[in-house]
Amino acid sequence: MASTPSSTLSPLYESSIFCNFTSSQSFLSHQKFTFPLKLHSKFCIRATQVSLQEQSQVSDPSNSQQPYRKAVSSSKSKLWVNPKSPRASELKRKSYDFRYASLVKVAESLDACNPVEEDVFNVLASLGDKIVEQDAVVTLNNMSNAETALLALKYFQQRLKLSKEVIIYNVTLKVLRKSKDLDKAEKVFEEMLERGVKPDNVTFSTIISCARQCNLPEKAIEWFEKLPSFGCEPDDVTYSVMIDAYGKAGNVDMALNLYDRARAEKWRIDAVTFATLIRIYGAAGNFDGCLNVYEEMKALGVKPNMTVYNSLLDAMGRAKRPWQAKNIYGEMLSNGFQPSWGTYASLIRAYGRARYSEDALKIYKEMKEKGLELSVVLYNTLLAMCADVGLTDEAVNIFEEMKGSESGTCQPDSWTYSSLITIYSCSGKVSEAESTLNEMMEAGFDPNIFVLTSLIQCYGKAGRTDDVVRTFGRLSDLGLSADERFTGCLLNVLTQTAKEDLHKLMVCLEKANPKLGYMVKLLVDEEVVEEEGAFKTHAAELLDCVTMDVRKAYCNCLIDICVNLNQLERACELLDVGLTLNIYTDIMSRTATQWSLHLKSLSLGAALTALHIWMNDLNRALESGEEFPSLLGINTGHGKHKYSEKGLAGVFESHLKELNAPFHEAPDKAGWFLTTKVAATSWLESRRAQEVVAT
DNA sequence: CTAGGGTTAG
């Protein structure tokens with residue numbers, strides 16, 4: 001019964017004490033324990049031995065005054081430890097850690113090893129002869145190489161008397177899942193059956209999640225359905241995995257059915273499952289569903305964890321509900337959770353997309369302070385937000401920090417450069433936009449459609465028509481073709497261009513969209529004559545062909561061109577088409593107390609045209625003796641349009657003055673110009689009198 | 001970390 005000095009031992013452990021040290025008395029009765037490890041130089045513990053006899057002594061409650069006895073010799077110190085003392089549990093933990101670390105190293109060697117039996121077996125031979133089942137489990141569990149894992153499994157099966165063979169199979173399946181190899185997993189399952197090893201819920205949930213991760217949700221469902229034929233009843237984890245798999249398969253109903261079933265069967269549904277449900281609802285765009293699940297979870301007394309919070313934050317970001325993200329984040333913090341990288345990422349996305357720039361930049365700052373590295377996607381999200389709200393200086397700053405980031409994995413990509421060029425273009429910084437374009441090309445990125453779109457705007461705003469034409473030419477040089485947005489920007493450039501330069505751009509416009517080119521030709525070229533009503537038909541046809549999100553922009557631009565060319569009648573026709581096609585909605589409204597003109601989201605030309613039509617309506621009402629309400633109002637919006645110093649409100653104010661209109665900016669309602677019934681009536685009447693005089 | 005669920009997005 002001599003103790004074994006640590007120096008003679010293999011680094012790996014020689015008995016299975018680690019998992020049973022305190023728990024099993026019966027186990028003690030036939031085992032002798034050896035702590036072979038050099039645990040801590042300070043204590044100079046070389047070896048510790050606990051015999052059965054001493055074990056029973058020290059665990060006697062009457063010995064509690066004397067929790068452990070030390071036997072110190074001059075040459076070697078030995079420590080006698082009560083296995084129930086804190087010291088013992090510390091020893092246990094440390095020795096476990098040591099063995100665990102060794103097994104992890106073996107797993108790493110196996111991952112790097114040639115997938116041939118001889119090599120794999122050689123690596124495993126370093127474990128020595130006295131391996132136990134737990135060694136096999138830990139080793140396989142830390143592996144990621146599917147091929148060598150299968151050979152290691154074989155080795156353990158040959159060398160060990162396995163009491164729970166299913167476990168070693170289950171861990172092997174985990175390795176196969178890591179390498180997303182469902183085929184091999186299915187083969188291993190077959191082998192289990194051949195060897196008479198009965199699969200359990202762990203087996204099935206691992207295979208199911210493997211199928212899910214392989215993007216084969218139908219396969220996952222197949223496996224779930226064969227579970228009962230092996231005498232298994234799904235348990236909470238299997239349900240959770242399956243709910244996720246149904247969600248991934250887009251089968252939200254089945255996912256929710258399973259959730260109901262799990263709930264009916266009184267399974268303990270834990271936070272991870274709720275997080276899965278939240279993710280499913282979020283992916284399906286049912287954001288209220290996400291919040292309902294969250295409420296239900298709390299009602300069931302389940303405490304949210306980080307996964308739940310991060311899924312919720314992500315969903316609220318997708319939902320464009322930054323205020324809800326903010327509330328949930330606040331709740332998370334007050335519950336004592338520390339935000340993770342994923343939390344910050346969700347927040348930046350939620351705030352960034354919704355243009356909560358202050359909040360987003362605050363998160364960015366916090367991440368930097370904590371030394372958390374942003375990904376390219378996150379940087380790009382921030383930069384796109386800066387471009388949206390016109391934060392030029394902040395964007396430049398972020399861009400510089402991105403380039404200077406430590407790891408070098410965050411080098412700008414074409415998205416990054418696009419955002420930056422957009423920012424410079426929108427703020428009229430032509431040379432900065434050009435030099436960023438050069439930098440982008442030096443970094444190996446061709447300008448894409450986004451970049452060319454921005455440059456067209458940039459040159460258009462600067463009145464550099466020839467550069468607009470040149471940039472248009474690059475489109476086909478690069479094998480790109482104009483999309484609706486690009487064409488819309490080109491059209492917008494036309495609204496800012498002097499009449500004598502228009503023909504240069506019309507050549508481009510015609511190439512980009514012949515119908516649109518023709519429409520503009522009708523406006524510019526007075527020689528082109530068409531029959532009555534043809535213009536409106538052309539307009540309606542054209543607008544019908546483009547997608548919803550550019551219709552209003554096209555219509556606005558066309559009206560602006562009309563107004564610039566003094567073709568008020570055509571402008572009115574276009575506005576009428578816009579109203580008919582529901583491109584403009586609720587421009588004019590009437591309540592008992594107020595008649596209003598809503599000009600938000602109209603261009604200046606369209607707004608002036610709408611005002612013209614509204615005034616005609618008011619005149620008609622006046623003529624027919626209709627009673628005006630006590631208030632009349634024009635809403636231009638707050639007028640703080642990004643990148644333009646003077647928004648609609650400002651321009652409109654001076655225009656109303658020119659018309660001598662009695663509308664005055666409401667001090668308490670930003671963006672509203674109001675007048676009274678009396679003032680409006682007398683103004684309209686005086687205008688009519690003037691018109692009579694004029695004729 | 002200790003046989004099963006989720007986790008990085010435009």
Side-chain angles (χ1 to χ4, degrees), chain A residues 18-19 92-93 96-105 107 133-143 153 162 164-175 177 185 199-210 212-213 220 227 232 234-245 247-248 258 262 267-280 282-283 305-311 313-315 317-318 340-350 352-353 372-385 387 409-410 413-416 418-419 450:
Chain A
F18 302 95
C19 48
K92 186 190 66 173
R93 190 181 54 75
Y96 184 88
D97 288 351
F98 187 93
R99 183 182 70 137
Y100 190 87
S102 311
L103 292 170
V104 168
K105 278 199 183 124
E133 208 163 344
Q134 183 75 2
D135 298 329
V137 172
V138 172
T139 305
L140 281 166
N141 197 44
N142 281 288
M143 286 184 67
L153 170 70
L162 296 163
K164 288 179 189 157
E165 199 168 353
V166 65
I167 294 179
I168 205 170
Y169 269 113
N170 289 343
V171 210
T172 307
L173 287 170
K174 269 176 79 180
V175 183
R177 186 184 54 195
D200 60 10
N201 259 308
V202 178
T203 318
F204 284 106
S205 60
T206 309
I207 295 177
I208 290 167
S209 68
C210 177
R212 207 226 76 158
Q213 281 176 30
L227 197 137
C232 283
D235 65 10
D236 53 345
V237 174
T238 308
Y239 274 131
S240 179
V241 177
M242 241 354 264
I243 287 171
D244 193 31
K248 182 90 180 177
L258 267 198
W267 283 108
R268 178 185 55 89
I269 302 165
D270 66 10
V272 178
T273 308
F274 283 109
T276 302
L277 285 164
I278 291 168
R279 265 204 333 282
I280 289 171
N305 65 11
M306 283 301 288
T307 326
V308 170
Y309 283 121
N310 289 351
S311 315
L313 292 173
D314 187 62
R318 281 174 206 271
S340 68
W341 194 91
T343 315
Y344 287 131
S346 294
L347 286 173
I348 284 187
R349 205 154 66 112
R353 278 183 173 180
L372 289 171
E373 194 80 40
L374 275 79
S375 67
V376 184
V377 176
L378 282 183
Y379 274 117
N380 289 347
T381 306
L382 285 170
L383 289 172
M385 176 195 75
T409 54
C410 257
D413 64 6
S414 58
W415 293 69
T416 319
S418 295
S419 290
F450 302 107

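Residue numbers start from 1 in every chain, and the chains themselves are labelled A, B, ... in the order their sequence lines are given, proteins ahead of strands.
- Val237(A) comes within 4.0 angstrom of a base, heavy atoms only.
- Partners of Trp415(A) by side-chain contact (heavy atoms from CB on, under 4.5 Å), not counting sequence neighbours, listed by chain and number: Asn380(A), Asp413(A).
- Using a 4.0 Å heavy-atom criterion, one finds that Thr238(A) contacts the bases of the nucleic acid, with or without backbone contacts as well.
- Here the separation of dG6(B) from dC1(B), taken at their P atoms, is 15 Å to the nearest Å.
- In this structure Tyr309(A) satisfies the ring pair (Phe, Tyr, Trp, His ring centres under 6.0 Å) test together with Phe337(A), sequence neighbours excluded.
- When heavy atoms are screened at a 4.0 angstrom cut-off, Asn201(A) is found touching base atoms of the nucleic acid.
- Across all strands shown, Thr273(A) has heavy atoms under 4.0 Å from base atoms, whether or not it also approaches the sugar-phosphate.
- Asn142(A) comes within contact range of no nucleotide atom at all, as no heavy-atom separation falls under 4.0 Å.
- With sequence neighbours left out, the side-chain contact (heavy atoms from CB on, under 4.5 Å) criterion links Ile167(A) to Val137(A), Lys164(A), Val171(A).
- Using a 4.0 Å heavy-atom cutoff across all strands shown, Ala275(A) reaches no nucleic acid atom at all.
- Here Lys174(A) lies in heavy-atom contact (under 4.0 Å) with sugar-phosphate atoms only.
- Contacts between chain A and DNA chain B, taken as any atom within less than 4.0 angstrom of a protein heavy atom, begin and end at dC1(B) to dG10(B).
- With sequence neighbours excluded, the residues forming a side-chain contact (heavy atoms from CB on, under 4.5 Å) with Val202(A) are Asn170(A), Asp200(A), Thr206(A), listed by chain and number.
- Looking at heavy-atom distances under 4.0 Å, Asp244(A) makes contact with sugar-phosphate atoms alone, never a base.
- Counting any heavy atom pair closer than 4.0 Å across all strands shown, Thr381(A) reaches no nucleic acid atom.
- Within 4.0 Å (heavy atoms only), Arg353(A) reaches sugar-phosphate atoms of the nucleic acid but no base atom.
- Checked against side chain to side chain donor-acceptor pair (under 3.5 Å), Thr273(A) has the following partners two or more places apart in sequence or in another chain: Ser240(A), Asp270(A).
- Contacts of Asn310(A) with the nucleic acid, taken as non-hydrogen atoms under 4.0 Å apart, are absent.
- Among the protein residues, Asn305(A) comes within range of no part of the nucleic acid, since none of its heavy atoms lies under 4.0 Å from any strand.
- For the residue pair Thr343(A) and Ser346(A), no side-chain donor N or O sits within less than 3.5 Å of a side-chain acceptor on the partner.
- Residue Asp314(A) is classed as having no contact, given no heavy-atom separation below 4.0 Å to the nucleic acid.
- A salt bridge does not link Asp244(A) to Lys248(A): none of the charged side-chain nitrogens sits closer than 4.0 Å to a carboxylate oxygen.
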